[in-house]
Number of protein chains: 2
Amino acid sequence: MKLPQLSRRALQTPASPIRRLSPLARAARAQGKTTLGLNIGQPDIQTPPEFFEGLEQFKNPILAYEISEGNLELRKAWAEFLQRSSAWTIAPEHMLITMGASEALVFLFMLCCDPDDEAIIFDPTYANYMGFASITGVRLRPILSLLDDGFALPSIEHIAERVTSHTRMILLCNPNNPTGTVYSREETQALLDLCEERNIFLIVDETYREIVFDGAKPFSILELAPQSPHVIVVDSLSKRFSLCGARIGCLMTANEEVLQKALNIAQARLAAPTIEQLACAHMLRTISPEFIHGIRNTFESRRNALCTAAAKIPGVKMHCPAGAFYTIARLPVDDSEDFASYLLTTFEDKKETVFVAPAGGFYMESGQGQNKIRIAFVLEEAKLTRAMELMGKALQMYPGRAK
Amino acid sequence: MKLPQLSRRALQTPASPIRRLSPLARAARAQGKTTLGLNIGQPDIQTPPEFFEGLEQFKNPILAYEISEGNLELRKAWAEFLQRSSAWTIAPEHMLITMGASEALVFLFMLCCDPDDEAIIFDPTYANYMGFASITGVRLRPILSLLDDGFALPSIEHIAERVTSHTRMILLCNPNNPTGTVYSREETQALLDLCEERNIFLIVDETYREIVFDGAKPFSILELAPQSPHVIVVDSLSKRFSLCGARIGCLMTANEEVLQKALNIAQARLAAPTIEQLACAHMLRTISPEFIHGIRNTFESRRNALCTAAAKIPGVKMHCPAGAFYTIARLPVDDSEDFASYLLTTFEDKKETVFVAPAGGFYMESGQGQNKIRIAFVLEEAKLTRAMELMGKALQMYPGRAK
């Protein structure tokens, strides 16, 4: 029997680079090895009890659809939490609840771009942006940022040169996944000015907004430009409240047309999960902003432990991140995918090894990720120190070490 | 300030026809009117206690991401429930859990079609198929089915003529939303033969599979062709377990390439909500298939009450549905959208009125829905009888009645 042909977009959509080596990790664990997982941004922080309290309060005998724009109490509670914990807020009617930041991003690729339109991103990039672009037919135009520059944004003149008549949006992740870079107010203001001048959208993915280190103040593009029709913020409760499995995100904008058309798309998929919305509303109403400070301090200590340990490994250059819980490191290897596989299949020290993500999947520019890995520092300090020790030992033994 | 331009696909995506008149209904309720809601497929059936038991069993201190293909215990429990309650089952590895049937359908439009490829649907159609096609750039080719034929499928020869070199899939909803029609084994076998012969996909949305009346046996296309690479079934727990707000659906196919590429798309959006998956797994393991029989009997009695009452209204022709909980009725009016608005804004009888969905939004062929409405019979029998009485009175008083 002939097989029916799948679409080109289906064939082009990449597998997740952070999940691709998972079968090797499972095999390692099946052999009795402990794999210290630095590959995926799943925090090991306990979900706040306020969320579970909210969960228990659901007493409706019918688990009905929520409204498509998202539960109003959740939007109010989220806006009030922002007001309580930071210098700004947003009107609940300027928020649309989505199934994680992921769904908000897919909506925005669809809303801002037609197939073959262009979106500017910064390379390395959150790998799933490539997936979203692929399924929505949008062409990504990457602008390279460099490890040796701390992954700072290139000059605004350089970015401006890349905006063409096909460009519909610039997408920034701030604080950045996968680099942990936090862009300054000046950098984001310059991007905003450019987008307003060229009349294109500036999408800022602020999933990690509050996770910033060294005394920095969390910062949203919406503080700079609360009313700009060019600005759309993507937000999520997943990381700062350790709620990855709740799938609650949102998009925020003062642009009424974007909200209206986003709602049309949202109506087609009916609604985000009901119980999580109510539980998150209860949590946001009752939780102290201190919870986020605790998360921030935890990741700052881990960042310190990780960078200290990595600095001791000969030939490794790790970017010291200022936010989020990721970083990119350059290794003395020619093929980081092969090295990551080696860690899982061959190397062990006292029955332990490390699971890292090769950085190739986070770069659009070919070759850039080949000697780099992405690290998610989502383990306790002692484990991170041990993971770096293991990586150092593995690099000494690895036959593919760069000459 | 100039406003940034939204995409053409955003501008073309229609608002939901069942939610468009909601502001009028809210205004009516604010004036103290009771609106009997027949507009939306939200069952009033109590969610099974087994679901809430599953919810309470979630004790993990971290609400982590589920795997992208969906919790394995849920897929096993779902497959075992199918085996226990019907004549067929499916391998858990041939299932991918999605956020409702909606997400499965969006995945399939993307997987089977590139922009400008064609998909055949049957008119009238589930309105959100038009939304999914719009955001994915797929051209829908509607084939009209007629109220006076009970919305049966047109002849297979007629359908075959509409398959062109651009056609990538035929999408059938069985039992049908919005008509309540249940297609026979013979009809679906003929469609399957056609799809295999022309090497295109047959997508069957079986969200309402078990809700069939008059002693009919629930039936899946996967019973006919469990191994066909051309067949993909979309399923959902929303309707048969009154779990609309849980957002748990799935796609099922023996086509490994479809599963692999669907998984790539699923990885980009990370995962469906964790707690609902575990709660649904518990429910499916412990619930008796009798629960679904009860739902079926409830809707059959309602169907009977509705059709009996509608038959008494002069000038109204209502299709008597064999499944799901919808039907289409032709009214003696020139503009059913205007009549539906009239019901909410002007008409009342003892402070009561009815909320129905104009059928225009369910038809792609222009004009076909203009004198029709879609009814969801999701209320108790007495309320349905009263709703029809109200509609009859309103039709007598309505100034826009067809001459």
Side-chain angles (χ1 to χ4, degrees), chain A residues 1-4 6-11 13-16 19 42 44 46-47 61-66 68 99-100 102-103 106 110-115 117 128 131-132 135 137 196 199-201 229-230 242-247 257-258 261 264-265 267-276, chain B residues 1-4 6-11 13-16 19 42 44 46-47 51 61-66 68 99-100 102-103 106 110-115 128 131-132 135 137 196 199-201 229-230 242-247 257-258 261 264-265 267-276:
Chain A
M1 189 182 285
K2 272 200 300 185
L3 288 176
L6 269 73
S7 67
R8 288 184 302 280
R9 60 181 157 197
L11 299 176
T13 301
S16 165
R19 299 187 176 216
Q42 168 61 60
D44 61 339
Q46 293 211 354
T47 302
I62 302 174
L63 182 50
Y65 288 122
E66 207 17 282
S68 299
M99 302 198 220
S102 305
E103 190 186 48
V106 173
M110 290 171 167
L111 285 162
C112 301
C113 305
D114 280 305
D117 283 347
N128 288 333
F132 303 147
I135 57 181
E196 293 193 335
N199 200 27
I200 61 177
F201 288 104
H230 296 84
S242 202
L243 277 173
C244 294
R247 315 307 299 120
E257 189 184 25
V258 167
K261 298 305 171 190
N264 287 359
I265 297 181
Q267 284 179 345
R269 66 54 158 144
L270 302 171
T274 301
I275 296 177
E276 275 81 354
Chain B
M1 189 185 282
K2 275 200 299 186
L3 288 177
L6 270 72
S7 67
R8 288 185 300 279
R9 59 181 158 197
L11 299 174
T13 302
S16 164
R19 300 189 175 212
Q42 169 60 59
D44 62 339
Q46 293 213 353
T47 303
F51 173 83
I62 302 173
L63 182 50
Y65 289 122
E66 210 13 285
S68 299
M99 301 198 220
S102 304
E103 190 186 48
V106 174
M110 289 172 168
L111 285 164
C112 301
C113 304
D114 279 303
N128 288 333
F132 302 147
I135 57 179
E196 292 193 334
N199 200 28
I200 61 176
F201 287 103
H230 295 85
S242 202
L243 277 173
C244 294
R247 315 309 298 120
E257 189 184 24
V258 168
K261 298 304 171 189
N264 287 359
I265 298 181
Q267 285 179 344
R269 66 51 160 147
L270 303 173
T274 301
I275 296 177
E276 275 81 355

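Just so we're on the same page: letters track the sequence lines, and every chain starts at 1.
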For chain B, which candidate among [options] shows the most heavy-atom pairs at distances under 4.5 Å?
| options | answer |
| --- | --- |
| A:R8, A:R269, A:E196, A:M99 | A:R8 |
| A:L111, A:D114, A:V106, A:I135 | A:D114 |
| A:S68, A:G100, A:G137 | A:S68 |
| A:I200, A:T274, A:L6, A:D117 | A:L6 |
| A:G131, A:A10, A:P4 | A:P4 |

Please report the shortest heavy-atom distance between [X] and [Y], naming the atom on each side.
| X | Y | answer |
| --- | --- | --- |
| A:S7 | B:C112 | CB-C, 4.0 Å |
| B:H230 | A:K2 | CE1-O, 3.3 Å |
| B:P14 | A:N264 | O-CB, 3.8 Å |
| B:S242 | A:I62 | OG-CG2, 3.9 Å |

Taking side chain as everything from C-beta outward and backbone as N, CA, C, O, which of these in A:E66 sits under 4.5 Å from a heavy atom of chain B? Side chain, backbone, both or neither.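 Interface part for A:E66: backbone (N, CA, C, O).
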
With only heavy atoms counted, which part of A:P273 is less than 4.5 Å from chain B, the side chain, the backbone, both or neither?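 Both parts, heavy atoms under 4.5 Å.
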
Say you draw a straight line from [atom1] of [X] to [atom2] of [Y]; how long is it, rounded to the nearest 0.5 Å?
| X | Y | atom1 | atom2 | value |
| --- | --- | --- | --- | --- |
| A:R9 | B:M110 | CZ | CE | 6.0 Å |
| B:R247 | A:Y65 | CZ | OH | 5.5 Å |
| B:K261 | A:T13 | NZ | OG1 | 8.0 Å |
| A:I265 | B:S16 | CD1 | OG | 13.5 Å |
| B:L3 | A:E257 | CG | CD | 7.0 Å |
| B:L63 | A:E276 | CG | CD | 7.0 Å |

Between B:S102 and chain A, which part of the residue has a heavy atom less than 4.5 Å away: side chain, backbone, both or neither?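 Only the side chain of B:S102 comes within 4.5 Å of chain A.
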
Measure distances from B:P229 to the heavy atoms of chain A and classify the residue's part below 4.5 Å as side chain, backbone, both or neither.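 Answer is both: backbone and side chain atoms of B:P229 are under 4.5 Å from chain A.
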
Does the pair A:N128 and B:L270 meet the rule for a side-chain contact (heavy atoms from CB on, under 4.5 Å), with working shown? CA-CA 9 Å; A:N128 288 333; B:L270 303 173; 3.6 Å; yes

Quick one: which of B:E103, B:Q42, B:Q46 has the most heavy-atom pairs under 4.5 Å with chain A, could you say?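 That would be B:Q42.
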
